[in-house]
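The structure under discussion is supplied below as structure tokens; questions concerning it will follow.
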Amino acid sequence: METFQTLLANKFSDALAKAGLPTAGELTPATDARFGDYQTNAALVLGKQRGENPRTLAEKILAGLDVSDLCEPPTVAGAGFINFTLRSDAVAKKAGELLSDERFGVAKASSTKRIVIDFGSPNVAKPMHVGHIRSTVLGDALARIASFLGHEVIRDNHIGDWGTQFGMVIYGWKNLLDRESLQRDPLAEIVRIYKETNERAIGDPQVREACRQELVKLQAGNKENIDIWNECVAFSMQDFDHVYRLLDIRFDIQCGESFYNDRLPAVVDRLLKSGIAEISEGAVCVFFRDIPQLADKPCIIRKRDGGFNYATTDVATVDYRINDLKADTVWIVTGAPQILHFRQIFEIARREGYKADFRHITHGSILGEDRKLMKTRSGENVPLRELLDEACKRARKIIEEKNPDVSDADKVDIAQKIGIGAVKYADLSQYRMTDYVFSWDRMLSLQGNTAPYLQNAYVRIRSIFRKSGEPAPKVDKLILRDPSEINLAKRICQFAEIVPQVLNDFRPNILANYLFELANSFHTFYEACSVLKSDEPIRGSRLALCDLSGRVLQRGLDLLGIKVPEKM
RNA sequence: GCGCCCGUAGCUCAGCCGGAUAGAGCAACGGAUUUCUAAUCCGUAGGUCGGGUGUUCGAGUCACCCCGGGCGCGCCA
């Protein structure tokens with residue numbers, strides 16, 4: 001099924017050919033409702049190219065353009081724009097078709113790819129914290145959207161399970177561990193011994209050396225240390241799983257850093273042999289002398305002491321994803337500070353001859369009300385578990401205020417959908433690169449561009465069907481009379497135009513903003529038109545329109561990883 | 001020093017490939033409720049798009065320079 005935009009663009013392109021003109025400009029949604037629904041600047045572009053009057057050219061093109069099945073007669077406006085206004089019966093027909101289309105008109109991508117998406121990446125021996133929200137939620141949404149568009153997606157959690165920090169953790173484990181605390185709250189105890197060791201190490205070179213020895217033993221495969229390490233990983237995974245369950249996030253594979261351990265020496269040898277890497281000051285480095293921005297920023301892949309670092313691991317990870325997983329493209333979702341690092345890694349991959357499409361999808365930070373990196377009062381990272389629990393708690397409080405009739409069992413479920421949805425939506429509704437200020441009051445507000453507002457639109461729709469006690473009627477074509485009905489139906493037709501755009505530049509906020517407008521259009525319709533009290537055949541048509549609105553909202557939110565409650 | 005990201009209404013933010021008189025939401029002000037959930041809707045007001053120069057029919061968007069903020073830059077990840 002083709003969108004209005006595609007249908008119009010095709011006809012327009014034919015008209016250009018008929019007028020002996022090349023393809024030019026683009027046909028896009030109108031920038032303002034006064035200009036109708038779609039517009040094209042083709043005549044402006046051609047006018048410039050050919051030194052002709054754009055308005056005259058526009059008239060000439062229009063003479064050979066027949067879009068009467070879709071639009072009112074197109075008009076020439078301004079400097080030479082051509083504006084299109086959809087006919088309401090064309091909208092009614094299209095919306096009628098969408099009623100029986102599970103994809104709501106969204107076409108599958110013309111060339112589908114195998115995409116490895118790397119997101120989340122928490123560190124073992126540290127609880128997940130606010131800093132992980134963005135990567136996790138953004139990566140998940142992109143994975144959902146890419147799958148929906150027909151791509152083959154492999155979600156990979158590149159867990160930080162093999163860092164220098166384990167020297168300290170193991171030292172702490174051997175010297176400071178409290179078994180009872182470990183049983184009560186394993187991760188908290190691991191964090192405690194890590195921190196305490198760290199403090200000791202700062203003041204005591206002997207402790208520092210002992211930690212280093214523990215790390216060397218671990219890396220050499222010492223059984224006792226490996227066992228401790230395994231236990232730490234297992235405890236951390238429990239914490240991660242709890243958070244991922246709450247967030248409804250899953251991974252296909254979790255190849256953490258340790259997965260690549262035994263591949264690292266070969267990576268370095270290979271890069272040395274091929275001349276991509278060289279030895280400098282005892283370390284193995286890759287230089288990028290021909291790239292001005294990187295000329296003075298080498299990438300170390302083996303430390304002077306012979307140890308490997310995260311760059312080595314990431315080069316090995318590229319190998320695995322291309323050679324073993326056969327990825328066509330790799331998306332790595334992390335915060336902006338890692339831009340330089342991945343630029344280097346991708347450049348190394350290019351030099352090694354990899355042709356895959358590597359994308360580093362970066363995002364900004366979450367700030368506290370003071371506009372500084374979000375921290376607890378004592379200056380620590382805010383644990384993600386606590387933050388999510390707080391979201392649910394606050395959502396529950398609001399439900400109790402607004403809708404005391406809800407049963408206790410329902411409350412838990414609804415509070416979770418609203419609380420988690422609010423946190424996710426606050427993130428996804430914003431352009432990923434901007435730092436944003438975290439505010440409970442804003443994200444949980446029922447007014448404005450928030451998850452609860454969107455969920456409420458859905459709930460109102462469900463409420464209508466609960467009240468009527470009948471399922472959505474089967475209707476082929478809608479009857480659109482009221483301007484708010486036409487507007488809502490047009491909005492629904494745009495879903496298929498919006499979803500694929502998200503992947504142009506990895507911007508789920510485009511979809512979020514669309515859904516906000518959809519919910520807004522629905523609310524306006526809801527105020528203006530009674531549904532159950534209207535007479536047939538209007539009643540049936542409006543019920544169908546409600547049903548369609550609800551399902552598009554649900555699907556759209558699902559693509560963002562957000563759930564909808566039936567009541568709230 | 002070099003590099004990356006950001007700067008748009010009082011506040012929080014949209015504005016992807018350059019398009020028409022720069023848009024939302026919150027807050028403010030004024031209206032609408034015997035309800036299909038007012039958890040909403042309608043309206044008013046609010047801007048030198050950090051500053052400047054340039055590119056062109058047209059610049060919030062592109063280029064260059066400056067200012068301000070954040071972050072990163074051989075042996076942490």
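Per chain, numbering begins at 1; letters A, B, ... match sequence-line order. Keep in mind that the numbers below use all heavy atoms, side chains included, and drop hydrogens, waters and symmetry copies.
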Specify the separation, in whole Å, of atom CG of A:Leu46 and atom P of B:G19.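 To the nearest whole Å, that distance equals 17 Å.
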Taking atom C1' of B:C5 as reference, at what distance in whole Å does atom CZ of A:Arg134 sit?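 A:Arg134 atom CZ is separated from B:C5 atom C1' by 12 Å.
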Position toward the 5' end of RNA chain B (nearest nucleotide), A:Ala311 or A:Leu532: A:Leu532
Angle between ring planes, A:Phe342 versus A:His360, binned at 30° and 60°: parallel, tilted or perpendicular?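 The rings of A:Phe342 and A:His360 sit tilted, inter-plane angle from 30° to 60°.
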How are the rings of A:Trp229 and A:Phe166 set to each other: parallel, tilted or perpendicular (split at 30° and 60°)? perpendicular
Tell me every residue that passes side-chain hydrogen bond (donor to acceptor under 3.5 Å, both in side chains) with A:Asp547, counting only those two or more places apart in sequence or in another chain.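 Counting only residues at least two positions away or on another chain, A:Asp547 forms a side-chain hydrogen bond (donor to acceptor under 3.5 Å, both in side chains) with A:Arg551.
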NA contact type, A:Lys567, heavy-atom cut-off 4.0 Å: base, sugar-phosphate, or nothing? base
If I take atom CE from residue A:Met374 and atom OH from residue A:Tyr436, how far apart are they, to the nearest 0.5 angstrom?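 Atom-to-atom, A:Met374:CE and A:Tyr436:OH are 8.5 Å apart.
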Reading 5' to 3' and counting Watson-Crick or G-U wobble pairs with both distances under 3.5 Å, write the dot-bracket notation for RNA chain B, | for bases paired outside the strand. (((((((..((((.....[...)))).(((((.......))))).....(((((..]....))))))))))))....
Atom-to-atom span, OH of A:Tyr514 to C1' of B:A24 - whole angstrom: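 Computing the A:Tyr514:OH to B:A24:C1' distance gives 17 Å.
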Start with the C-alpha gap between A:Arg34 and A:Asp32, add the side-chain angles, then the distance that decides, and say whether salt bridge (Lys or Arg N to Asp or Glu O under 4.0 Å) holds. CA-CA 5 Å; A:Arg34 327 185 266 279; A:Asp32 190 299; 3.0 Å; yes
For A:Arg289, which residues count as a salt bridge (Lys or Arg N to Asp or Glu O under 4.0 Å) partner, sequence neighbours excluded?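 In terms of salt bridge (Lys or Arg N to Asp or Glu O under 4.0 Å), with neighbours along the sequence ignored, A:Arg289 is linked to A:Glu278.
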Protein-nucleotides 58-64 of chain B N/O pairs under 3.5 Å:
none

What residues form a ring-ring contact (aromatic ring centres under 6.0 Å, His included) with A:His363, not counting sequence neighbours?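 Testing A:His363 for ring-ring contact (aromatic ring centres under 6.0 Å, His included), a comparison that skips the adjacent residues, returns none.
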Tell me the interatomic distance from A:Glu26, atom CD, to B:C17, atom C1', rounded to whole angstroms.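 Those two atoms, CD and C1', are 7 Å apart.
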Establish, with yes or no, whether the OP1 or OP2 oxygen of B:C4 is under 4.0 angstrom from a side-chain nitrogen or oxygen of A:Gln293. yes
Pick the P atom in B:G7 and in B:C17, then give their distance to the nearest Å.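 Comparing P positions in B:G7 and B:C17 gives a spacing of 13 Å.
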Specify the residues of residues 516-527 of chain A, ordered by number, for which at least one heavy atom lies under 4.0 angstrom from an atom of RNA chain B.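 When residues 516-527 of chain A is checked for heavy atoms under 4.0 Å from RNA chain B, the hits, listed by number, are A:Phe516, A:Asn520, A:His523, A:Thr524, A:Tyr526, A:Glu527.
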Please figure out whether A:Ile418 or A:Ser530 has its closest RNA chain B nucleotide nearer the 5' end. A:Ser530
A:Phe35 has a side chain; which of B:A77, B:C16, B:A20 sits nearest to it? B:A20
A:Glu369 and A:Phe438, any side-chain heavy atoms less than 4.5 Å apart: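 No; the side chains remain at least 4.5 Å from each other.
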Rounded to whole angstrom units, what separation is found between the CG atom of A:Leu44 and the C1' atom of B:G18?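 A:Leu44 atom CG is separated from B:G18 atom C1' by 12 Å.
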In Å, rounded to the nearest 0.5 Å, how long is the span from OH of A:Tyr458 to CD1 of A:Ile562?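 Spacing of OH (A:Tyr458) from CD1 (A:Ile562) equals 14.5 Å.
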How close or far is atom C1' of B:G3 from atom CZ of A:Arg289, stated in whole angstroms? 18 Å
Regarding A:Ala77, tell me which of base, sugar-phosphate or nothing describes its non-hydrogen contacts under 4.0 Å with the strands shown. base
How would you summarise protein contacts on nucleotides 6-14 of chain B per nucleotide, using B for base, S for sugar-phosphate only and - for none, with heavy-atom distances below 4.0 Å? ------SSS
If we take the P atom in both B:G3 and B:U8, what is their distance in whole Å?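 Comparing P positions in B:G3 and B:U8 gives a spacing of 24 Å.
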Should the pair A:Phe495 and A:Tyr514 be assigned to parallel (<30°), tilted (30 to 60°) or perpendicular (>60°) ring geometry? tilted
Could you work out the separation of B:A9 and B:G51 based on their P atoms and round it to a whole Å? 10 Å
Can you name the atoms? Protein N/O to nucleotides 73-76 of chain B N/O, anything below 3.5 Å, with the distance.
{"from": "B:G74", "atom 1": "O6", "to": "A:Ser280", "atom 2": "OG", "distance (Å)": "3.4"}
{"from": "B:G74", "atom 1": "O6", "to": "A:Glu281", "atom 2": "OE2", "distance (Å)": "2.8"}
{"from": "B:G74", "atom 1": "N1", "to": "A:Glu281", "atom 2": "OE2", "distance (Å)": "3.0"}
{"from": "B:C75", "atom 1": "O2", "to": "A:Arg304", "atom 2": "N", "distance (Å)": "2.5"}
{"from": "B:C75", "atom 1": "N4", "to": "A:Glu281", "atom 2": "O", "distance (Å)": "3.0"}
{"from": "B:C76", "atom 1": "OP2", "to": "A:Lys303", "atom 2": "NZ", "distance (Å)": "3.4"}
{"from": "B:C76", "atom 1": "O3'", "to": "A:Thr164", "atom 2": "OG1", "distance (Å)": "3.2"}

ring-ring contact (aromatic ring centres under 6.0 Å, His included) filter on A:Phe465, not counting sequence neighbours, yields none
Would you mind writing out the side-chain donor-acceptor pairs for residues 290-306 of chain A within the sub-3.5 Å range, not counting sequence neighbours?
{"from": "A:Asp290", "atom 1": "OD1", "to": "A:Arg351", "atom 2": "NH2", "distance (Å)": "2.9"}
{"from": "A:Asp305", "atom 1": "OD1", "to": "A:Gly307", "atom 2": "N", "distance (Å)": "2.7"}

A:Gln344 CD to B:G3 P: how many Å, rounded? 15 Å
From the options B:C17, B:G19, B:C26, select the nucleotide whose nearest atom is closest to the side chain of A:Gln447.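 Minimum distance to the A:Gln447 side chain belongs to B:C26.
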Interatomic distance, A:Gln501 CD vs B:C16 P [rounded to whole Å]: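 In whole Å, B:C16 P and A:Gln501 CD are 11 Å from each other.
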So do the side chains of A:Lys490 and A:Asp37 get within less than 4.5 Å of each other, counting heavy atoms only?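 Yes - at least one pair of side-chain heavy atoms lies under 4.5 Å apart.
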Taking syn as a glycosidic torsion within 90° of 0 and anything else as anti, which one is B:G7? anti
With a 4.5 Å heavy-atom cut-off, do A:Val459 and A:Glu566 have their side chains touching? no
Rounded to whole angstrom, note down the C1' distance from B:U55 over to B:C42. 45 Å
Interatomic distance, CZ@A:Arg394 vs CG@A:Asp441, rounded to 0.5 Å, equals 6.5 Å
According to a strict under-4.0 Å criterion, is A:Tyr453 in side-chain N/O contact with OP1 or OP2 of B:C41?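 Yes.
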Those residues that, when tested against A:Phe119, pass ring-ring contact (aromatic ring centres under 6.0 Å, His included) (two or more places apart): A:Phe251
Among side-chain atoms of A:Gln213 and A:Glu209, is any donor-acceptor pair under 3.5 angstrom? yes
For A:Asp405, which contact category applies under a 4.0 Å heavy-atom criterion: base, sugar-phosphate, or nothing?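 Nothing: the residue A:Asp405, judged by heavy atoms under 4.0 Å, touches no strand.
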Between B:U12 and B:U34, how far apart are the two C1' atoms, rounded to whole Å? 38 Å
Indicate, with a heavy-atom threshold strictly under 4.0 Å, whether A:Glu401 touches base, sugar-phosphate, or nothing.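 The answer is nothing, as A:Glu401 stays clear of every strand by at least 4.0 Å.
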Side chain A:Asp441 and base B:A27 donor-acceptor under 3.5 Å: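 Per atom types, no contact qualifies.
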Measure the CG-NZ distance between A:Leu46 and A:Lys60 for me, rounded to the nearest 0.5 Å.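 Atom-to-atom, A:Leu46:CG and A:Lys60:NZ are 9.5 Å apart.
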Under 4.0 angstrom, heavy atoms only, what part of the nucleic acid is A:Ile510 near: base, sugar-phosphate, or nothing? nothing
Across the strands shown, which category fits A:Val286 at heavy-atom distances under 4.0 angstrom: base, sugar-phosphate, nothing?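 If one applies the 4.0 Å heavy-atom cut-off, A:Val286 turns out to touch nothing in the nucleic acid.
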Side chain of A:Asp505 - closest among B:A77, B:C16, B:C71: B:C16
Quick one: list whatever passes ring-ring contact (aromatic ring centres under 6.0 Å, His included) with A:Phe516, sequence neighbours left out. A:Tyr453
